[in-house]
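Below is one structure, written out as structure tokens; comments come after it.
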Amino acid sequence: MTTLGHHYIGGRRSACASNRPLFSLDAITGERHAVSFFEASDAEVAAAARAAYEAFPAYRSLSPAQRVDFLEAIADEIDALDASFVAEASRETALPAARLEGERKRTSGQLRLFAATVRRGDFHDARIDRAQPDRKPLPRPDLRQYRIGVGPVAVFGASNFPIAFSVAGGDTASALAAGCSVVVKAHPGHMVTAEYVADAIERAIAKTDMPAGTFNMIYGTAATGAALVQTPEIRAVGFTGSLAGGRALFDLAQARPEPIPVFAEMSSVNPVFVLPSALIGRGAQIARELAASVTTGCGQLCTNPGLVLGVRSPEFDAFVSDLRGALEQAVPQAMLGAGIRDNFRHGIARLRAVKGVEVLVAEELDGRIGGHLLKADRRALFESSALEEEVFGPSTIVVELDSEADFHAFARTMRGQLTATVLASESDIERNASLIALLEEKVGRLLFNGYPTGVEVSDAIVHGGPYPATTDARGTSVGSVAIGRFLRPVCYQGYPDANLPLALQDANPLNLIRLIDGVPTREAVRATQTAEATS
Ligand code: NAP
């Protein structure tokens, strides 16, 4: 593949070479790639949004089968990218080839999951209230509702998943599945990788005859992203990244004359509650497994377990000592780039300055970062918000509490999180039902005797949670439910059956099965699933 460094606007490649050049850097050496990319001008940002806006009516009107073909064609093109793709992604992020190969499969698998979701049709959430002309005192009109795409979506990916949370990641895949056109603002940390994937999408567009402008991508800086979100044609935003970035774009979107929804998936410390029963007989094993979770991907995962809570006891002391040993032994790894590494060092220094926090492990070798372990007392947890701020890298803080009542006290005031993990015996879960109920209100995913890193792409997964984990707790950025973020309901009143969208027509067999006066009963849903499974 020849890297051009030009934007993708309305099916064409272009760039204004007098604009500020941007460079793809080797994550380890800092060396520049030979090709420069150009920051999009305001006119180019506007052109990309306009191209998406013009493609939207044609794209959303395509049949589900055509959309399925498109999503599957993108998946095939990504699977077919040659070894140079992974080599470039590794150069830009320092992530090992094996991890990137896994991410590629995850990305194509996710596109196929959305294709299956579109094929199934239930994302339309069709509801039918049949007319009741004889109803007293007033007749009821025929009312039919389903959900359609909101319009062009702006997508921002994160540095730590250059494939799975980037150009063709969950936000793009769910937006395209919903019938929305897309403008991606490429991440400056992996622009060559982004170009490979954008080319793959363009090939899929050509193969499946999609409208030009269904997919667009521009390069640029924070100012470019800010301009994109304020463009009137953009109707929703999908973002993965830092709290500061997500919040800035959310505020801009709300300050527009016409505010738009922003689904920003941001940061989390993913607390782990180690109940005393968990440490009886398996403290050493938990320490080993937790250390592996903390250091996976050099800790550069949004689900990294950054806060571990336990109650003072000899078992807890032994557990902390084992955790310390395991983190000391973790092999130091290169981080995604010098900026991320500097932020990590600042984050550790910020925590070190908090009263009641001590650093137990801080491994670093030739600029590569190893395991970091900090220990905090109860007061530091309750009196400083610093312990709940994500430090993006291979670190965790163990907090020694006075009693199990402190678990409840913390859960009550805890910020929104992507996950919370409870390590305990089953009987402890029952005994702590009120703790679980508190956690349910604060997180998107509750784990029992597991570790939060490793997010399954599936129908049941939730990768979301209350603020500041995200800006909108009603969504998920991973899994088929993510499509709902980019849909809105439309109701048809009194329409002739033949003029209704297919999903709402009487002739649609799924409607006959699923809807009994608009109420999808459990039996009806089961019947639908059976019908779909056998069709
Ligand atoms: P980031 O620095 O926030 O960047 C993400 C994207 O947002 C980039 O394209 C960036 O472009 C843009 N951006 C950031 N600030 C902006 C602003 N003020 N205005 C306009 N655009 C802005 O995040 P990152 O370092 O790439 O990713 C690491 C973070 O992502 C970690 O905090 C991690 O926990 C989080 N993450 C979360 C999830 C999740 O699902 N919750 C998944 C993966 C990662 P510019 O650099 O050009 O500004």
Side-chain angles (χ1 to χ4, degrees), residues 20 22-23 25 27 37 39-40 45 92-93 95 103 106 154-167 169-171 183-191 193-194 217-230 237-253 262-270 297-306 335-344 347 389-393 416-419 443-445 452-455 457 461-473 475-479 482 485:
R20 171 145 59 121
L22 305 167
F23 298 98
L25 303 180
F37 296 72
E39 180 177 16
V45 173
E92 289 187 307
T93 62
L95 292 170
E103 223 187 295
R106 179 191 173 97
V155 170
F156 297 77
S159 55
N160 57 338
F161 281 94
I163 312 174
F165 280 90
S166 193
V167 179
D171 286 340
V183 183
V184 172
K185 189 279 188 170
H187 196 291
H190 51 260
M191 293 184 288
T193 309
M217 185 171 88
I218 52 176
Y219 299 100
T221 58
T224 316
L228 178 62
V229 164
Q230 293 176 90
V237 178
F239 170 95
T240 311
S242 63
L243 175 57
R247 181 65 205 230
L249 293 175
F250 175 82
D251 288 343
L252 281 175
V262 175
F263 297 96
E265 307 290 332
M266 306 178 291
S267 66
S268 196
V269 294
N270 306 295
C298 200
Q300 302 163 127
L301 299 174
C302 45
T303 49
N304 195 48
M335 296 199 80
L336 291 159
I340 296 268
R341 190 182 57 200
D342 291 347
N343 278 344
F344 177 73
E389 282 161 26
E390 179 192 46
V391 176
F392 190 60
Q417 305 284 349
L418 292 170
T419 72
V443 310
R445 181 163 55 108
T453 45
V455 180
V457 178
I461 192 75
V462 173
H463 191 58
Y467 186 86
T470 77
T471 49
D472 194 324
T476 169
S477 63
V478 178
R485 299 172 303 165

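Ligands are counted one by one from 1 in listed order, and the atoms in each one are counted from 1 as well.
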Which atoms from ligand 1 have a heavy atom of [X] less than 4.0 Å away?
{"X": "Leu418", "value": "41 (N)"}
{"X": "Glu390", "value": "31 (C), 32 (O), 33 (C), 34 (O)"}
{"X": "Ser159", "value": "24 (P), 25 (O), 26 (O), 27 (O), 28 (C)"}
{"X": "Phe165", "value": "40 (O)"}
{"X": "Thr221", "value": "47 (O)"}
{"X": "Ile340", "value": "25 (O)"}
{"X": "Ala222", "value": "17 (C), 19 (N), 20 (C), 21 (N), 47 (O), 48 (O)"}
{"X": "Gly245", "value": "14 (C), 15 (N), 16 (C)"}

Return yes or no for this condition: an N or O of [X] is under 3.5 Å from an N or O of ligand 1.
{"X": "His463", "result": "yes"}
{"X": "Ser242", "result": "yes"}
{"X": "Cys302", "result": "no"}
{"X": "Leu249", "result": "no"}
{"X": "Asn160", "result": "no"}

List the closest protein heavy-atom neighbour of [atom]: residue, atom name, distance to the nearest 0.1 Å.
{"atom": "atom 7 (O) of ligand 1", "result": "Phe239 CE1, 3.1 Å"}
{"atom": "atom 33 (C) of ligand 1", "result": "Phe392 CE1, 3.4 Å"}
{"atom": "atom 46 (O) of ligand 1", "result": "Pro188 CG, 3.2 Å"}
{"atom": "atom 29 (C) of ligand 1", "result": "Gly241 C, 3.5 Å"}

Selected option - heavy-atom contact closest to atom 41 (N) of ligand 1, from His190, His187, Arg247, Met266 | Met266

Counting heavy atoms only, which of Glu39, Glu265, Lys185 comes nearest to atom 47 (O) of ligand 1?
-> Lys185

How many angstroms lie between atom [atom1] of [X] and atom [atom2] of [Y], to the nearest 0.5 angstrom?
{"X": "Leu418", "Y": "His463", "atom1": "CG", "atom2": "NE2", "answer": "5.0 Å"}
{"X": "Ser267", "Y": "Asn304", "atom1": "OG", "atom2": "CG", "answer": "12.0 Å"}
{"X": "Lys185", "Y": "Thr224", "atom1": "NZ", "atom2": "OG1", "answer": "6.0 Å"}
{"X": "Tyr467", "Y": "Met266", "atom1": "OH", "atom2": "CE", "answer": "5.0 Å"}

For a quick test of your reading: what N or O donor-acceptor pairs under 3.5 Å do the side chains of residues 155-163 make, sequence neighbours left out?
| unit_1 | atom_1 | unit_2 | atom_2 | d |
| --- | --- | --- | --- | --- |
| Asn160 | ND2 | Gln300 | O | 3.0 |

Ligand 1 contact by Gly157, heavy-atom criterion under 4.0 angstrom = yes

For ligand 1, is there an atom lying under 4.0 Å from some heavy atom of Gly339?
-> no

Can you tell if the side chain of [X] reaches within under 4.5 Å of the side chain of [Y], non-hydrogen atoms only?
{"X": "His190", "Y": "Ser166", "answer": "yes"}
{"X": "Ile340", "Y": "Phe392", "answer": "yes"}
{"X": "Asp171", "Y": "Arg485", "answer": "yes"}
{"X": "Val167", "Y": "Met217", "answer": "yes"}

Are the side chain of Thr470 and the backbone of Gly465 linked by a donor-acceptor contact shorter than 3.5 Å?
-> yes

State whether the side chain of Gln417 and the backbone N or O of Val269 hold a donor-acceptor pair below 3.5 Å, judged by distance alone.
-> yes

Please list, chain by chain and in numerical order, all residues satisfying side chain to side chain contact (heavy atoms under 4.5 Å, CB included) with Asp472, sequence neighbours excluded.
-> Phe263, Arg474

Of the side chain and backbone of Ala158, name the one, both, or neither that has a heavy atom under 4.0 Å from an atom of ligand 1.
-> both

Of the backbone atoms (N, CA, C, O) and the side-chain heavy atoms from C-beta on, which set of Ala248 has a member under 4.0 Å from an atom of ligand 1: side chain, backbone, both, or neither?
-> side chain

Just by distance, with hydrogens left out, do Thr419 and Asn270 show a side-chain donor and acceptor under 3.5 Å apart?
-> yes

Derivation of the side-chain contact (heavy atoms from CB on, under 4.5 Å) call for Val478 and Arg106 = CA-CA 11 Å; Val478 178; Arg106 179 191 173 97; 4.0 Å; yes

